[in-house]
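Presented below is the structure to which this report refers.
Every chain is numbered from 1, with letters handed out A, B, ... down the list of sequences. No experiment lies behind these values; they were computed from the predicted model shown.
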Protein chains: 2
Amino acid sequence: MFPELTAHIRKFTSLPEGAEAILADYLEVRTCRKKDFLLKAGQVCNGNYFIIKGCCRSFMITEKDTELINHFAIEYWWITDYFSLESQRPSEYSIQAIEDTECVVLYRNCQDALFEKLPELERYFRIISQKALAAALQRVTYIFMHSGEERYEHFRQSFPEFVQRVPQYMLASYLGFTPEFLSKIRAKRNG
Amino acid sequence: MFPELTAHIRKFTSLPEGAEAILADYLEVRTCRKKDFLLKAGQVCNGNYFIIKGCCRSFMITEKDTELINHFAIEYWWITDYFSLESQRPSEYSIQAIEDTECVVLYRNCQDALFEKLPELERYFRIISQKALAAALQRVTYIFMHSGEERYEHFRQSFPEFVQRVPQYMLASYLGFTPEFLSKIRAKRNG
DNA sequence: ATGATTTCTTGAACTAGTTCAAGAAAAGTA
DNA sequence: TACTTTTCTTGAACTAGTTCAAGAAATCAT
């Protein structure tokens, strides 16, 4: 049974009696240690991961051989590569635990059957995808409207606990500048 | 009846007999002239717009009082602000026709009733939202990995007809740099 | 056609952020 | 405790892209 997940679903849509049992039939728990991969670039993404405890990142390797972080996921967020998941083609992204992590997995090869048994999930995933889409579009706008320093300050104030949780160089990557630059921003603030 | 839209839906999910008639009950056609607004910043967004013919942009006004384009939509794309649409709070974005445009509107106050009659639409919107989400996340990665000049070249090669269709300064805004800089890129290319 | 508006161009001075390289600090492991 | 790995800092030289200002070219409306 997955109380965190069912609670999350019920925030967005209703579920029939017995939904928990159906979910339990189709979902799995997966635990992984810090640095383990849920997906490696080049593989086909075969699951959608709902984090119960821990933190993961999705990233890509650039031409210059540096990591570029696309997305973080913490408790009660889903993480996957929807391109690869739906097209079943190799992913350009890797998904890696950056803390010891426990998550619920919806594997792609169970998804259609589960959605048939529990059609409310179409609605749930529609709504959370639309929210995530609006957020991703807003992120682009935000990036273009603000300097790196402003983006860092905003992120720090919005997610203070999270800033403590991840290495600074990952934050820099997610915010779209170099770790050196982030270090200089911090020096300026504290100095 | 909305042949373009039903064809689009059927690319992603099946529809029952009679779906066209139900859609016709719940959807409206709206035409607007170049420069008309489908949504003005400050208003609550009350519809989701599927473009049949024409082109719209969604944009925001920055602190410096310049426009920042978030999104374009051409034939067979949906455009809306999902944040405002779902929360029914005022939008920060404006949506404006940049050509004379004809679109199918799903108004927010019809949406739930329509989805109840035609639950396949939950699936349709789930799938297209997930695709759009993956694209938006990839866009951020792309922005961080490439220079303005590279982004312009890539866009030009990916959507050559579209580059002809919109003013250069809107393209510059969408790609995240100034119109002057775009002009300089073009000068360099041509000669 | 003509004037008004919208869009595009060019140059010079400037700034936010990068790159490279080296070392310091912190955290993990034995 | 000490050793290794990971993460963070600092400075100097550099570059991609901005800003401002002015004018040129297109396009639109009458």
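Distance CZ/B:Arg186 to CZ/B:Arg156: 9.0 Å, rounded to 0.5 Å.
Taking the charged nitrogens against the carboxylate oxygens, A:Arg33 and A:Asp100 do have a contact shorter than 4.0 Å, which makes a salt bridge. Between A:Glu153 and A:Arg189 there is a salt bridge, since a side-chain N of the basic residue sits under 4.0 Å from a carboxylate O of the acidic one.
Contacts between residues 160-175 of chain B and DNA chain C, defined by a heavy-atom separation under 4.0 Å, are made by B:Pro167, B:Gln168, B:Tyr169. The stretch residues 54-65 of chain B touches DNA chain D through B:Lys64, each having a heavy atom under 4.0 angstrom from the strand.
A:Arg186 has no side-chain polar atom (N or O) that falls below the 4.0 Å cut-off from OP1 or OP2 of D:dC8. When the side-chain nitrogen and oxygen atoms of B:Thr178 are compared with OP1 and OP2 of D:dG17, none of them lie within a distance under 4.0 Å.
Evaluation of the ring-ring contact (aromatic ring centres under 6.0 Å, His included) rule for A:Tyr93 yields no partner, not counting sequence neighbours. A:Phe12 meets the ring-ring contact (aromatic ring centres under 6.0 Å, His included) test with A:His8; sequence neighbours excluded. Every residue meeting the salt bridge (Lys or Arg N to Asp or Glu O under 4.0 Å) condition with B:Arg123, not counting sequence neighbours, appears here in chain and number order: A:Glu122. Under the rule for a salt bridge (Lys or Arg N to Asp or Glu O under 4.0 Å), A:Glu28 has no partner lying at least two apart in sequence or in another chain. For B:His71, there are no ring-ring contact (aromatic ring centres under 6.0 Å, His included) partners, not counting sequence neighbours. Scored by the ring-ring contact (aromatic ring centres under 6.0 Å, His included) test, A:Tyr174 finds A:Phe72, A:Phe155 as partners (sequence neighbours excluded). The side-chain contact (heavy atoms from CB on, under 4.5 Å) search around A:Ala132 returns B:Leu133, not counting sequence neighbours. By the side-chain contact (heavy atoms from CB on, under 4.5 Å) test, B:Lys40 pairs with B:Phe37, B:Gln43, sequence neighbours left out.
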Can you pull every protein N or O that's under 3.5 Å from an N or O on nucleotides 20-25 of chain D?
none

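Atom-to-atom, NZ of A:Lys34 to P of C:dA27 comes out at 11 Å; the value is rounded to the nearest Å. Between the CD1 atom of A:Ile143 and the P atom of C:dA16 there is a distance of 19 Å, rounded to whole Å. Across the protein-nucleic acid pair, B:Arg189 atom CZ and C:dT9 atom P stand 12 Å apart, rounded to whole Å. As rounded to whole Å, 16 Å separates atom P of C:dT15 from atom CD of A:Glu150. When rounded to the nearest whole Å, the span between CZ of A:Phe181 and P of D:dT15 equals 18 Å. Rounded to an integer number of Å, the gap from CD1 of A:Ile185 to P of C:dG17 is 7 Å. Counting to the nearest Å, the C1' atom of D:dA29 and the NZ atom of B:Lys35 are 11 Å from each other. Taking atom NE2 on A:His146 and atom P on D:dT18, their separation rounds to 16 Å, with Å as the unit.
Between A:Ser183 and B:Gly176, the one whose closest nucleotide on DNA chain D sits nearer the 5' end is A:Ser183.
Heavy atoms of A:Ser147 sit under 4.0 angstrom from primed sugar atoms or phosphate atoms, though from no base atom.
Enclosure of atom CZ in A:Arg10 by more than 12 non-hydrogen atoms of other residues, nucleotides or ligands within 6.0 angstrom is indicated.
Comparing the start and finish of the helix from C:dA1-D:dT30 to C:dA30-D:dT1, five pairs each, the helix axis swings through 60°, to the nearest 10 degrees.
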